[in-house]
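To find a chain, count down the sequence lines: A is the first, B the second, and so on, and within it residues start at 1.
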There are 2 protein chains.
Amino acid sequence: MAELYNMAGHLIRRLNQISVAVFTDHMAAAGIDLTQVQFAALSAIASRPGMTQAELAGAIAYDVTTLGGVVDRLASKGNIRRDISPRDRRARVLFITPDGDHLLARARPVVRALQDDILGGLDAEERAQLLALLRKTTDAGNSKSRAPLRTP
Amino acid sequence: MAELYNMAGHLIRRLNQISVAVFTDHMAAAGIDLTQVQFAALSAIASRPGMTQAELAGAIAYDVTTLGGVVDRLASKGNIRRDISPRDRRARVLFITPDGDHLLARARPVVRALQDDILGGLDAEERAQLLALLRKTTDAGNSKSRAPLRTP
DNA sequence: GCTCTTTAATATGCATGCTGATTATTGGCA
DNA sequence: TGCCAATAATCAGCATGCATATTAAAGAGC
């Protein structure tokens, strides 16, 4: 079982756990009501207004079902607007509200600042190295994750 | 928003997502009914029989509440036994059953094999490097994750 | 021995995250 | 035009994952 601690899956789960905890703590300290997932969604919507939920899911690698709930919460908090697409009545187009925009502006510097906290034990060079490796792995693993592309 | 893709938190979430998907796929292909979390718990219980739930939670960095459900499912599937501790009637001591032991024996090689799949885009040297960095970060971040050590 | 605090586990509630099924709508094609 | 496969979103259901509160039991200190 000692080997468990050296397994990629286990270490990744642990790191994600730490990452989420750091995010939650910093946001709570700043008095901002946004989860990691909600922040990512809000950022994406702000950068490309009018996205549909499916497009958003693809952009940030989420499951569409999960995203439904996330979008619901953002909408009910008034951070985004969700309208029926004029071009496809099945689709919902997403827009950030002035309220959401303001919240995002407050959140952004906090999120930037906490990134280094996630990788607490590493020096600058190691952080850069880790980030590069993470990017490379996730880019390659893209096709393997079925999150945005569900197999029927 | 382009910056989002380079943020540690986002990349870690993505990698964890890939990791879980790879695990799920391989286990399903092998016809083994175990999630990543259940495998970790079962491994730990096998290596140290008689652990309490709290000890198990500390050992594999889980929240005790979450672990309650995991242990429930393993017990109801017959993979572990959960007895009241003879030394502390509040505590539950955990033991793997012959059934669970057999399942674990089948699962272990599958889990070992899928590790490399998680880090698909990396060569051997990069994998070693990434694992080393993950270990270092998680060791340092230990104190930050409130999972096993909840602040009151 | 009795109270007070601590501790192990559970209950409750919210937020992901995914699978499979369903509904509404669209667009292609005979 | 009418049917049919594909698509957008939702619903139901299960499994994490965490915060807060509660229950039961143990232990500390007087």
Side-chain angles (χ1 to χ4, degrees), chain A residues 13-14 16-25 27-28 33-41 51-58 60-77 82-94 145-152, chain B residues 13-14 16-25 27-28 33-41 51-58 60-77 82-94 145-152:
Chain A
R13 187 189 63 80
R14 293 278 312 279
N16 189 52
Q17 193 180 51
I18 291 166
S19 162
V20 170
V22 168
F23 191 99
T24 305
D25 285 357
M27 292 308 251
D33 177 27
L34 272 183
T35 66
Q36 197 194 26
V37 178
Q38 289 168 10
F39 172 78
M51 260 181 165
T52 66
Q53 290 185 200
E55 284 165 352
L56 177 57
I60 54 183
Y62 277 52
D63 184 88
V64 278
T65 308
T66 303
L67 196 66
V70 176
V71 162
D72 262 354
R73 273 161 236 126
L74 284 173
S76 74
K77 287 194 285 190
R82 178 172 41 169
D83 302 340
I84 292 176
S85 166
R87 294 208 308 236
D88 185 340
R89 288 178 35 207
R90 294 167 303 180
R92 307 277 185 269
V93 285
L94 307 171
S145 168
R146 284 171 313 177
L149 309 155
R150 299 247 298 270
T151 43
Chain B
R13 187 189 62 80
R14 292 279 310 280
N16 189 51
Q17 193 181 49
I18 292 166
S19 163
V20 171
V22 168
F23 191 99
T24 305
D25 285 356
M27 292 308 249
D33 177 26
L34 273 182
T35 66
Q36 198 193 24
V37 178
Q38 289 168 10
F39 172 77
M51 261 181 164
T52 66
Q53 289 185 196
E55 285 165 351
L56 177 57
I60 53 181
Y62 277 53
D63 183 89
V64 278
T65 308
T66 303
L67 198 65
V70 175
V71 162
D72 261 354
R73 273 162 237 126
L74 284 173
S76 73
K77 287 194 285 190
R82 177 173 42 169
D83 302 340
I84 291 175
S85 166
R87 295 209 307 239
D88 184 339
R89 287 178 36 205
R90 294 168 302 179
R92 307 276 186 272
V93 285
L94 306 171
S145 169
R146 284 172 312 181
L149 309 155
R150 297 249 298 272
T151 43

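A/Thr35 places none of its side-chain heavy atoms less than 4.5 Å from the side chain of A/Met27. Proximity of A/Ile84 to A/Arg92: side-chain heavy atoms (C-beta onward) are separated by under 4.5 Å at one or more points. Side-chain contact between A/Leu94 and A/Gln53: present, with at least one pair of heavy atoms (C-beta onward) separated by less than 4.5 Å. The closest side-chain heavy-atom distance from A/Val37 to A/Ile60 is not below 4.5 Å.
If you check distances only, the side chain of A/Arg90 does reach the base of D/dT7 with a donor-acceptor pair under 3.5 Å.
The phosphate of D/dA9 (OP1 or OP2) has no side-chain N or O of A/Arg89 nearer than 4.0 angstrom. A close approach under 4.0 Å does occur between a side-chain nitrogen or oxygen of A/Thr35 and OP1 or OP2 of C/dT16. When the side-chain nitrogen and oxygen atoms of A/Arg82 are compared with OP1 and OP2 of D/dT10, one or more of them lie within a distance under 4.0 Å. Listed pair A/Arg73 / C/dC14 fails the phosphate criterion, with no side-chain N or O lying under 4.0 Å from OP1 or OP2. OP1 or OP2 of C/dC18 has at least one side-chain nitrogen or oxygen of B/Gln17 nearer than 4.0 Å.
In this structure, A/Val20 and A/Gln53 both approach DNA chain D, and ranking their closest nucleotides by distance from the 5' end singles out A/Gln53. The 5' end of DNA chain C is approached more closely, in terms of each residue's nearest nucleotide, by A/Asn16 than by the other of A/Asn16 and A/Arg87.
Side-chain atoms of A/Gln17 come within 3.5 Å of backbone atoms of B/Ala61 as a donor-acceptor pair (strictly under, hydrogens ignored).
As judged by a 4.0 angstrom heavy-atom cut-off over every strand, A/Gln36 is placed among residues making no nucleic acid contact. Counting non-hydrogen atoms under 4.0 angstrom, A/Arg92 reaches the backbone sugars and phosphates but no base. In this structure, A/Ser85 reaches neither bases nor backbone, as no heavy-atom distance under 4.0 Å exists between it and the strands shown. Counting any heavy atom pair closer than 4.0 Å across all strands shown, A/Val70 reaches sugar-phosphate atoms only and no base atom.
The nearest whole Å value for the distance from the CG atom in A/Leu56 to the P atom in D/dA8 is 13 Å. Atom CG of B/Leu67 and atom P of C/dT10 are 9 Å apart (whole Å). In this entry the distance linking CD1 of B/Ile18 with C1' of C/dG17 reads 15 Å, nearest Å. The nearest whole Å value for the distance from the CG atom in B/Asp63 to the P atom in C/dG13 is 17 Å. Rounded to an integer number of Å, the gap from B/Ile60 CD1 to D/dT16 P is 11 Å. Rounded to a whole Å, the CG atom of A/Asp72 is 11 Å from the P atom of C/dT16. Straight-line distance from the CZ atom of B/Arg14 to the C1' atom of C/dG17: 15 Å, rounded to whole Å. Rounding to whole angstrom units, OH of residue A/Tyr62 and P of D/dA9 are separated by 16 Å.
Here D/dA26 is the nucleotide among C/dG17, C/dT25, D/dA26 with the atom lying nearest to any side-chain atom of B/Asp88. Comparing atom distances between the A/Val37 side chain and each of C/dG17, D/dT16, C/dA11 picks out C/dG17 as nearest. Distance from the side chain of A/Ala54 is smallest for D/dA8 among the nucleotides D/dA19, D/dA8, C/dG17. Listed nucleotides: D/dC18, D/dA15, D/dA9. Nearest to the side chain of B/Gln38: D/dA15.
For the atom pair CZ of B/Arg82 and CG of B/Leu74, the computed distance is 9.5 Å after rounding to the nearest 0.5 Å.
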